[in-house]
4 protein chains.
Amino acid sequence: MAKNKKKKILEVAAQLFASQGFDNTTTLQIARETRVTEPLLYYHFKGKEEIFTYILAEVFQKYAEHIDELPKNTQTEFDKIANLIRLHSHIAEEHPQNARLILSNCPGKLMQKQHACRDILEKQQQMVSSYIQDCLESGNAKKEFDAHPVEQTALILLCLANEFMRMKIMRKKDSQPDTQGTIEFCRKSLVKS
Amino acid sequence: MAKNKKKKILEVAAQLFASQGFDNTTTLQIARETRVTEPLLYYHFKGKEEIFTYILAEVFQKYAEHIDELPKNTQTEFDKIANLIRLHSHIAEEHPQNARLILSNCPGKLMQKQHACRDILEKQQQMVSSYIQDCLESGNAKKEFDAHPVEQTALILLCLANEFMRMKIMRKKDSQPDTQGTIEFCRKSLVKS
Amino acid sequence: MAKNKKKKILEVAAQLFASQGFDNTTTLQIARETRVTEPLLYYHFKGKEEIFTYILAEVFQKYAEHIDELPKNTQTEFDKIANLIRLHSHIAEEHPQNARLILSNCPGKLMQKQHACRDILEKQQQMVSSYIQDCLESGNAKKEFDAHPVEQTALILLCLANEFMRMKIMRKKDSQPDTQGTIEFCRKSLVKS
Amino acid sequence: MAKNKKKKILEVAAQLFASQGFDNTTTLQIARETRVTEPLLYYHFKGKEEIFTYILAEVFQKYAEHIDELPKNTQTEFDKIANLIRLHSHIAEEHPQNARLILSNCPGKLMQKQHACRDILEKQQQMVSSYIQDCLESGNAKKEFDAHPVEQTALILLCLANEFMRMKIMRKKDSQPDTQGTIEFCRKSLVKS
DNA sequence: CATGAATGAGTATTCATTCAT
DNA sequence: AATGAATGAATACTCATTCAT
């Protein structure tokens with residue numbers, strides 16, 4: 001029942017942070033919706049910021065696991081890019097809350113040097129960048145791609161993958177970008193014909 | 001001297017909203033940095049929200065003008081896409097503050113139905129979408145492109161253009177995406193070879 | 001046009017003070033509804049309090065005139081009492097705004113010693129008291145009444161006359177006290193049968 | 001110690017509201033005189049209005065109890081009227097603060113339809129009206145009175161009883177109306193001789 | 001683990017009033 | 001006579017956080 005409540009707090013807080021943002025979510029609101037009193041939040045966490053950081057870490061942890069679980073051996077290197085876009089599509093559709101947290105500009109305060117949030121985000125970005133760069137380099141080597149320079153192309157693909165997710169969660173169903181269309185767009189650009 | 005202060009307030013507020021976000025900017029802060037007392041803000045504007053809305057309207061107005069001023073007759077249709085990306089690059093570099101405001105998720109409160117902010121944003125999005133769609137359709141007609149379906153492709157390009165701007169303002173110089181590279185990426189995907 | 005605006009200010013202010021009370025009426029509201037700017041209020045009057053005092057003086061002036069105009073020679077002395085009640089009824093019906101101001105507990109601040117409002121109110125109360133006392137004394141002398149002690153009876157009649165006016169302006173039409181009924185009630189008590 | 005402070009807040013607030021009125025009493029003042037910080041007011045109550053409403057309800061509750069405790073069986077029906085006046089005299093003398101609150105015109109805001117204050121006041125007025133009407137009807141039946149129409153006469157008596165209380169708290173000792181005198185005044189008018 | 005009570009520091013907003021013109 | 005601009009002092013209310021139990 002103890003662990004239970006801590007978990008519940010995190011669930012509620014995550015939902016509120018995702019839908020209202022960090023600044024517009026009060027500790028009272030978190031406490032009330034968890035059916036708990038505020039001091040309990042402070043028993044389990046150091047403060048509001050820690051709750052947020054904790055959640056962010058969790059979300060990115062899951063995201064990292066998803067990236068890690070993407071198949072290492074694919075027929076073509078481009079399949080890896082396609083898989084990344086499909087993963088973003090999946091997250092946007094199945095875990096829109098997490099997508100919102102991943103894309104949320106953390107409140108400025110939490111992005112200062114030395115704050116845990118900053119580390120989490122930077123680590124995450126490097127991870128995805130690596131994933132894409134590795135795949136581009138392999139593709140280049142195999143003459144599947146002709147992507148130069150690799151870092152730049154990786155960055156562009158990351159742009160696309162991110163904003164693709166952003167649009168999926170921000171727009172109405174009928175004006176969302178299409179997953180397969182986005183993949184094809186990238187294929188045309190990347191894969192040598 | 002009168003108009004002067006109103007203008008000054010808007011400048012200061014814009015800078016603060018862009019760098020700290022709406023919620024983390026207090027009216028006191030705006031007043032202090034304008035070297036003015038708080039009640040003056042309320043003399044010129046109805047409240048904090050109106051200041052924000054006013055600024056947002058201004059920024060989008062300028063953005064709309066920029067889009068409008070992009071050359072209508074270009075050698076190729078793709079040049080129009082390239083110009084859009086160059087425009088985003090230009091804004092990110094020369095007016096990063098405006099870029100931040102354009103991309104900022106307005107606080108939820110200001111995005112509710114019937115709020116002026118919502119109208120501004122929606123109008124803007126449709127404008128850019130139209131620009132891209134028109135150009136894609138022309139390009140398709142001229143057999144320059146083979147972009148189908150048009151709406152989807154337009155959305156993808158919008159994604160890229162937006163997140164491109166976002167990355168330019170969020171990342172350090174050395175890890176920003178390159179304008180020419182981004183343009184080439186799109187060209188490869190769009191232009192029939 | 002000058003006198004005109006001063007008059008207009010007083011009219012608007014009187015209406016607002018009567019309906020909302022002194023504290024809930026702002027100088028801005030007075031200015032706006034007079035279609036004038038606030039500094040003009042301060043050109044014509046020393047401040048909000050002076051406007052109120054001025055109005056109160058006017059209203060009581062008119063009230064005093066009404067009392068003064070009540071017929072001095074009546075068939076019976078009781079007719080004078082009846083006339084006072086009828087006057088209150090008349091004011092409540094024809095000038096409810098004035099009635100409201102007469103009965104309003106002036107805001108505490110304005111009732112401090114040495115404030116003009118206090119003088120006005122006290123002078124007024126003494127005037128009505130005198131009117132009633134004179135009539136009672138005459139009535140006693142003529143053996144029409146048997147009202148003892150005169151001061152006390154006068155006070156009771158004043159109570160009735162005032163609260164009668166108060167009820168007329170505060171209550172819905174169907175639960176207001178009836179003028180003739182009130183007069184008869186007093187007659188039965190006062191007039192020797 | 002907890003209940004203690006809530007009670008203290010109410011006591012202090014009641015005293016301030018009674019002496020200064022709702023609008024001229026600030027939450028800071030209430031807090032300071034209670035030797036408590038403002039947020040505590042908001043911990044115990046929803047806001048200033050709720051504090052006022054709460055107090056008003058309490059005062060009227062006590063008043064209602066007093067009315068209820070008035071002897072049901074009296075020698076004459078008129079004794080009941082006399083008792084009501086004596087009750088008002090008692091309240092004015094022993095609990096002038098409550099008297100002030102009872103008679104205070106609640107600020108307009110709090111008298112809007114659907115506001116708790118309105119209900120409280122209306123309920124109260126009907127209660128006293130009933131008390132007087134019942135007694136008048138009984139008196140008429142017993143041929144003790146000849147009060148017609150009952151509703152009207154009841155209203156007049158209510159006028160007197162209220163304004164009597166008002167005068168007792170507003171005037172200096174030497175110009176207050178006399179309880180016994182007021183009772184006799186009513187007796188002469190009501191009781192058939 | 002849990003809570004009722006309490007608070008320091010803010011937070012947007014309002015108001016009567018004044019100044020320069 | 002009239003106004004646009006400006007302000008000092010409040011004003012109700014909120015929030016993250018802590019303390020005593």
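Only heavy atoms go into these numbers, but all of them, side chains included; no hydrogens, no water, no symmetry mates. In what follows, every chain begins at residue 1, and chains take the letters A, B, ... in the order their sequences are listed. Only a predicted model underlies this, so the values are computations on that prediction, with no experimental measurement involved.
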Taking the side chain of Lys48(D) as heavy atoms from C-beta outward, which of dT14(F), dT3(F), dA12(F) is closest to it? dA12(F)
Would you kindly compare Pro39(D) and Glu49(C) by the position of their nearest DNA chain E nucleotide and give the one closer to the 5′ end? Pro39(D)
Which part of the nucleic acid, if any, lies within contact of Thr26(B), taking any heavy atom under 4.0 Å across all strands shown: a base, the sugar-phosphate backbone alone, or nothing? sugar-phosphate
Return the value, rounded to whole Å, for the distance between atom CZ of Phe52(C) and atom C1' of dC15(E). 18 Å
Comparing Tyr42(A) with Asp23(D), nearest DNA chain F nucleotide closer to 5' gives the residue Asp23(D)
Asn24(A) CG to dA16(F) P: how many Å, rounded? 10 Å
From NZ of Lys46(B) over to P of dA12(E), roughly how many Å is that when rounded to an integer? 17 Å
Any Thr27(A) side-chain N or O less than 4.0 Å from OP1/OP2 of dC15(F): no
I need the CD-P distance between Gln20(B) and dT11(E), as an integer number of Å. 11 Å
Give the rounded distance in Å between these two atoms: CZ of Arg32(C) and C1' of dT14(E). 12 Å
Once you apply the 3.5 Å cut-off to both distances, tell me the Watson-Crick or G-U wobble partner of dA20(F), or none. dT3(E)
Most 5' of Tyr43(D) and Leu28(C) on DNA chain E, judged by nearest nucleotide: Tyr43(D)
Could you tell me the separation between the CD atom of Gln61(A) and the CD1 atom of Ile55(A), rounded to the nearest 0.5 Å? 15.0 Å
Closest-nucleotide ordering on DNA chain F, the 5'-leading residue of Arg35(C) and Val36(B): Arg35(C)
Go through dA12(E), dA5(F), dG4(E) for me and flag the one nearest to the Glu38(B) side chain. dA12(E)
Of Lys48(C), Arg32(C), Glu38(C), the one forming a side chain to side chain donor-acceptor pair (under 3.5 Å) with Thr27(C) is Glu38(C)
If you measure only the distance, is there a donor-acceptor pair under 3.5 Å linking the side chains of Gln15(A) and Glu11(A)? no
Verdict with supporting geometry, Thr53(A) and His115(A), side chain to side chain contact (heavy atoms under 4.5 Å, CB included): CA-CA 9 Å; Thr53(A) 310; His115(A) 195 287; 3.6 Å; yes
State which of dA6(F), dG4(F), dA2(E) makes the closest approach to the side chain of His44(A). dA2(E)
From the set dA6(F), dA9(F), dT3(F), return the single nucleotide nearest to any side-chain atom of Thr37(C). dT3(F)
Specify the separation, in whole Å, of atom CG of Leu40(A) and atom P of dT17(F). 15 Å
Whole-Å distance between dT3(E) C1' and Lys5(A) NZ? 10 Å
Side-chain touch Leu56(D)/Phe17(D), heavy atoms, less than 4.5 angstrom: no
To the nearest Å, give me how far apart CD (Glu50(D)) and C1' (dC13(F)) are. 14 Å
